[in-house]
Amino acid sequence: MNVKVDNICKSFKDKVVLKNTNMFISNASFFGIKGSSGCGKSTLLNIIGLLDKPDSGNLYFDDIAINFKCQSKLAFFRGNKIGFIFQSYNLMPKLTVYENIMLPFMYLDKNKFNSSLFDRLIEIFDIKELLGKQSDVLSGGEKQRVAATRALITSPELVICDEPTGNLDSNNAKYMMELLKEFCKFEKKTIIMVTHSNEYDSFFDDIYVFDEVK
Ligand SMILES: Nc1ncnc2c1ncn2[C@@H]1O[C@H](COP(=O)(O)OP(=O)(O)OP(=O)(O)O)[C@@H](O)[C@H]1O
Ligand SMILES: [Mg+2]
């Protein structure tokens, strides 16, 4: 899926956060968004992920404008077309790894479950040995690999990641970047990732850098 951000503006009370923001994210690319703390990265990702709406401007998925007034359509997109990976892993601590990965199918059509994708993700994210474990005993790196698998098991056209490496040490962070890149290239999905770091530039196909906060 390609994504176009067209002149999007967003303020909170009198604080202008996004002012005529524009970008184009090509289908099947690994797209980085960088900028200092408070510049509006998460605000923008929340809009692209349809968790918030812009004050003005347009968002296009595959050249079709999103109608932010149509709640049922937004919910359909969020559930079926978009996967989210956050800095905090948001796993259900008392459920096993397998149960966490299967959570999306509590509200999605069970027929959407694709066992060959499951097998590929288990392999890519190297979590076969973890499937029966309770999630709260995992390390941070393991938790994030499980969270990523859960985000991708629905085969979303667009994956949105807000600092997914933020809580990981540098080895695990690099490893996660490699895995996301592999998923992007093999499954031909679009990944948009916010990061503070300049370390990952080489992974990205394209990068948007926010201006310094005034
Ligand atoms: N719901 C909200 N209500 C009021 N202000 C908000 C809200 N969400 C964000 N802001 C403000 O908007 C600005 C941008 O926030 P945002 O979370 O997008 O920054 P960020 O670039 O993601 O920062 P960080 O790198 O620290 O995560 C900040 O000044 C923040 O305080
Ligand atoms: Mg943020």
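In each ligand, atom 1 is the first atom listed, and ligand 1 is the first ligand listed. Here the structure is a predicted model, which means the values were calculated and not measured.
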TODO: Please determine if the Mg ion (ligand 2) has an N/O/S atom from Ser37 lying under 2.8 Å away.
DONE: no
TODO: Over 60° means perpendicular and under 30° means parallel, so classify the ring planes of Phe86 and Phe84, tilted if in between.
DONE: parallel
Open item on the list: Could you check whether Asp136 pairs with Lys94 (Lys NZ or Arg NE/NH1/NH2 to Asp/Glu carboxylate O, under 4.0 Å)?
Closed with: yes
Task: Under 4.0 Å to a heavy atom of His196 - the qualifying atoms of ligand 1, by number - done: 25 (O)
Open item on the list: Tell me if the aromatic rings of Phe203 and Phe30 count as close, with their centers under 6.0 Å from one another.
Closed with: no
Task: Nearest candidate to atom 26 (O) of ligand 1, where distance is taken over non-hydrogen atoms, out of Ser37, Gly35, Ser42 - done: Ser37
Task: Lys/Arg N to Asp/Glu carboxylate O, Asp201 vs Lys34, below 4.0 Å - done: yes
Open item on the list: Pairs of nitrogen or oxygen atoms closer than 3.5 Å, one from Gly38 and one from ligand 1: do any exist?
Closed with: yes
Task: Pairwise distance SG(Cys161) to CD(Gln144) - rounded to 0.5 angstrom - done: 8.5 Å
TODO: Identify the protein heavy atom lying closest to atom 12 (O) of ligand 1, giving its residue, its atom name and the separation to 0.1 Å.
DONE: Val17 CG2, 3.3 Å
- [ ] Would you mind checking which non-hydrogen protein atom is closest to atom 18 (O) of ligand 1, with the distance to 0.1 Å?
- [x] Thr43 OG1, 2.6 Å
Task: ring pair (Phe, Tyr, Trp, His ring centres under 6.0 Å) between Phe204 and Phe31, worked out - done: CA-CA 6 Å; Phe204 296 128; Phe31 189 93; 8.2 Å; no
Task: atom 6 (C) of ligand 1: the protein heavy-atom neighbour that sits closest, reported with distance to 0.1 Å - done: Phe12 CD1, 3.3 Å
Open item on the list: Suppose I only count heavy atoms of Lys15 and a 4.0 Å limit; which atoms of ligand 1 are within that range?
Closed with: 13 (C), 28 (C), 29 (O)
Open item on the list: Any carboxylate oxygen within less than 4.0 angstrom of a Lys/Arg side-chain nitrogen, looking at Asp62 and Lys81?
Closed with: no
- [ ] Around atom 25 (O) of ligand 1, find the nearest protein heavy atom and jot down its residue, atom name and distance.
- [x] Lys41 NZ, 2.7 Å
Task: Sub-4.0 Å protein heavy atom next to atom 30 (C) of ligand 1 - done: no
